[in-house]
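Report on the structure given below.
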Number of protein chains: 2
Amino acid sequence: MNTERPAASQGTAMPVRVDAQRNAARVLAAARRAVASAGLDVSYHEIAREAGVGVGTVYRRYPERDQLMAAVLSDILTELIDTAHQALDCDDAWEGFSLLFTGLALRTAQNAGLSGSLDQHGGPAVAQQRHELLDLTRRVIERAQDQGRLRRDLAWQDVLRLTGAPAVRGCVLGLEPDPAHGHHLVLTVLLDGLQAG
Amino acid sequence: MNTERPAASQGTAMPVRVDAQRNAARVLAAARRAVASAGLDVSYHEIAREAGVGVGTVYRRYPERDQLMAAVLSDILTELIDTAHQALDCDDAWEGFSLLFTGLALRTAQNAGLSGSLDQHGGPAVAQQRHELLDLTRRVIERAQDQGRLRRDLAWQDVLRLTGAPAVRGCVLGLEPDPAHGHHLVLTVLLDGLQAG
DNA sequence: GCTGAAACGGACAAGATCGGTCCGTTTGTT
DNA sequence: AACAAACGGACCGATCTTGTCCGTTTCAGC
């Protein structure tokens with residue numbers, strides 16, 4: 001995501017050698033994929049396999065597990081904060097709301113494993129990002145409510161909670177599993193249920 | 001659930017000795033709890049610990065893992081089929097629908113681990129139960145649609161799929177995790193979104 | 001009660017997987 | 001060419017899982 005040179009641009013310092021940079025990017029991407037599919041306690045071996053590098057490389061880059069998780073979470077939060085800004089830029093409050101809601105639902109679905117773990121892992125930097133995104137989200141929701149487009153009988157925290165719903169894995173009765181379809185389905189009905197009027 | 005004597009009442013034959021019966025019940029109950037909280041691949045040891053019996057007892061009762069899973073699934077399906085019959089007995093189609101929908105959502109949430117696995121595991125007996133429940137569900141949904149209480153722009157399979165949504169684990173942003181609250185929340189909004197008119 | 005058989009429990013062997021280290025080899029830089 | 005940085009993966013000990021086996025307990029019929 002971020003491939004600049006400067007020594008301490010993010011929480012994680014970028015290495016100097018080009019192959020090191022390439023591998024750093026690979027590891028982070030692999031970690032995101034791995035965390036998404038296998039939860040927060042994926043093994044380092046699994047991540048290394050996914051990234052196509054040796055375990056040593058992963059351990060060298062992230063000696064502490066928390067550092068890795070912080071990097072992953074930060075990466076996701078950055079994307080979402082961007083979406084939130086786009087949402088606030090929309091003239092139409094409902095449009096902005098559904099944009100952000102969709103974005104949150106999508107990330108939640110993709111990273112079903114890490115829900116609720118934001119608080120524990122990640123240092124103050126991640127906490128700061130989280131706080132920023134929470135604030136933006138609150139504003140997007142309340143604006144839609146103020147304009148009478150979003151039902152007012154729910155606190156903004158509860159609306160936020162609903163973003164977890166589309167992360168459907170299936171139902172007790174099975175059916176042919178089609179996550180994407182299910183995701184879209186829930187999103188549609190949920191937004192219908194949320195609209196004011 | 002079923003503690004009768006006959007040798008081959010269900011897929012699983014009931015043992016003769018009273019302690020054996022007691023343990024059989026314990027193991028099944030423990031298996032349900034364990035599968036609910038730890039997914040389909042709980043270890044036999046875990047189930048035994050949960051049941052308060054030795055591993056040997058579990059292995060003796062269910063030499064094949066599939067047999068155990070079939071028993072668990074059958075147990076759940078039995079409860080749901082019962083609910084479905086209650087739903088059809090309701091005079092009010094919407095009341096019946098929301099009863100069954102809630103029941104399905106609850107089981108899905110409680111057994112989030114086993115979604116979609118109904119097809120693979122469980123022999124023809126379970127398949128039969130599944131088919132029966134599917135049929136009942138279809139009737140409940142279509143009756144509500146026919147009476148103009150449930151939106152018609154969704155196929156009954158899709159409505160069924162939605163029962164997976166309330167099984168919220170959390171969202172990317174964390175918040176204080178409160179599954180029960182989230183579950184109720186999604187259910188409410190979803191039912192609002194599903195009502196016709 | 002007594003006795004035989006059924007059921008029990010948990011120690012145990014074998015294998016998989018995990019976290020984490022270490023060192024011989026490769027690769028980039030100057 | 002030469003040096004250092006980065007790499008990869010074999011390897012170790014610990015943990016967890018599957019599945020078996022056998023000495024002990026518990027039930028049922030007499």
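Here is how names work: the chains are called A, B, and so on, in the same order as the sequence lines, proteins then strands, and each is numbered from 1. Bear in mind that the values here come from a model prediction, so they are computed numbers and not experimental data.
Screening L104(B), L191(B), L154(B) for a side chain to side chain contact (heavy atoms under 4.5 Å, CB included) involving L162(B) leaves a single residue, L154(B).
Proximity of R22(B) to the phosphate of dA7(C): no side-chain N or O atom is located under 4.0 Å from OP1 or OP2. Put simply, N23(B) has no side-chain N or O that comes within less than 4.0 Å of OP1 or OP2 on dA7(C). When the side-chain nitrogen and oxygen atoms of T57(B) are compared with OP1 and OP2 of dG9(C), one or more of them lie within a distance under 4.0 Å.
Picking from dC27(D), dG8(D), dG9(C) the nucleotide with the shortest atom distance to the side chain of D19(B) gives dC27(D).
Under the 4.5 Å side-chain criterion, counting only non-hydrogen atoms from C-beta, L134(B) is in contact with W156(B). With contacts defined as side-chain heavy-atom distances shorter than 4.5 Å, the pair F97(B)/V159(B) qualifies. Counting heavy atoms from C-beta outward, Y62(B) and L28(B) have side chains that approach closer than 4.5 Å.
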At a cut-off of 3.5 Å, list every protein nitrogen or oxygen paired with a nitrogen or oxygen from nucleotides 17-23 of chain D, distance to 0.1 Å.
| unit_1 | atom_1 | unit_2 | atom_2 | d |
| --- | --- | --- | --- | --- |
| dT18(D) | OP1 | R65(B) | NH2 | 3.2 |
| dT18(D) | OP2 | Y44(B) | N | 3.1 |
| dG19(D) | O6 | H45(B) | NE2 | 3.4 |

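With rounding to whole Å, I47(B) atom CD1 is found 15 Å from dG9(C) atom P. Atom OH in Y62(A) sits roughly 18 Å away from atom C1' in dG19(C) (whole-Å rounding). Atoms CD (Q21(B)) and P (dT26(D)) sit 18 Å apart, rounded to a whole Å. In this structure, CD of E46(B) is placed 12 Å from C1' of dC16(D), rounded to the nearest angstrom. One can place CD of Q67(A) at 12 Å from P of dG20(C), the figure rounded to the nearest angstrom.
Looking only at distances, a side-chain donor or acceptor of S98(A) sits under 3.5 Å from a matching main-chain atom of W94(A).
Side-chain atoms of R17(A) and base atoms of dT29(C) include no donor and acceptor less than 3.5 Å apart.
Open room surrounds NE2 on H184(B); 12 or fewer heavy atoms of other groups in view lie less than 6.0 Å from it.
Taking the screw axis at each terminus of the helix from dG1(C)-dC30(D) to dT30(C)-dA1(D) from five consecutive base pairs, the angle between the two is 30° to within rounding of 10 degrees.
Salt bridge absent: D146(A) and R143(A) never bring a charged side-chain N and a carboxylate O closer than 4.0 Å. For E142(B) and R139(B), the salt-bridge test fails: no basic side-chain N is under 4.0 Å from an acidic carboxylate O. Salt bridge annotation for R65(A)-D41(A): absent, with no cationic side-chain nitrogen under 4.0 angstrom from a carboxylate oxygen.
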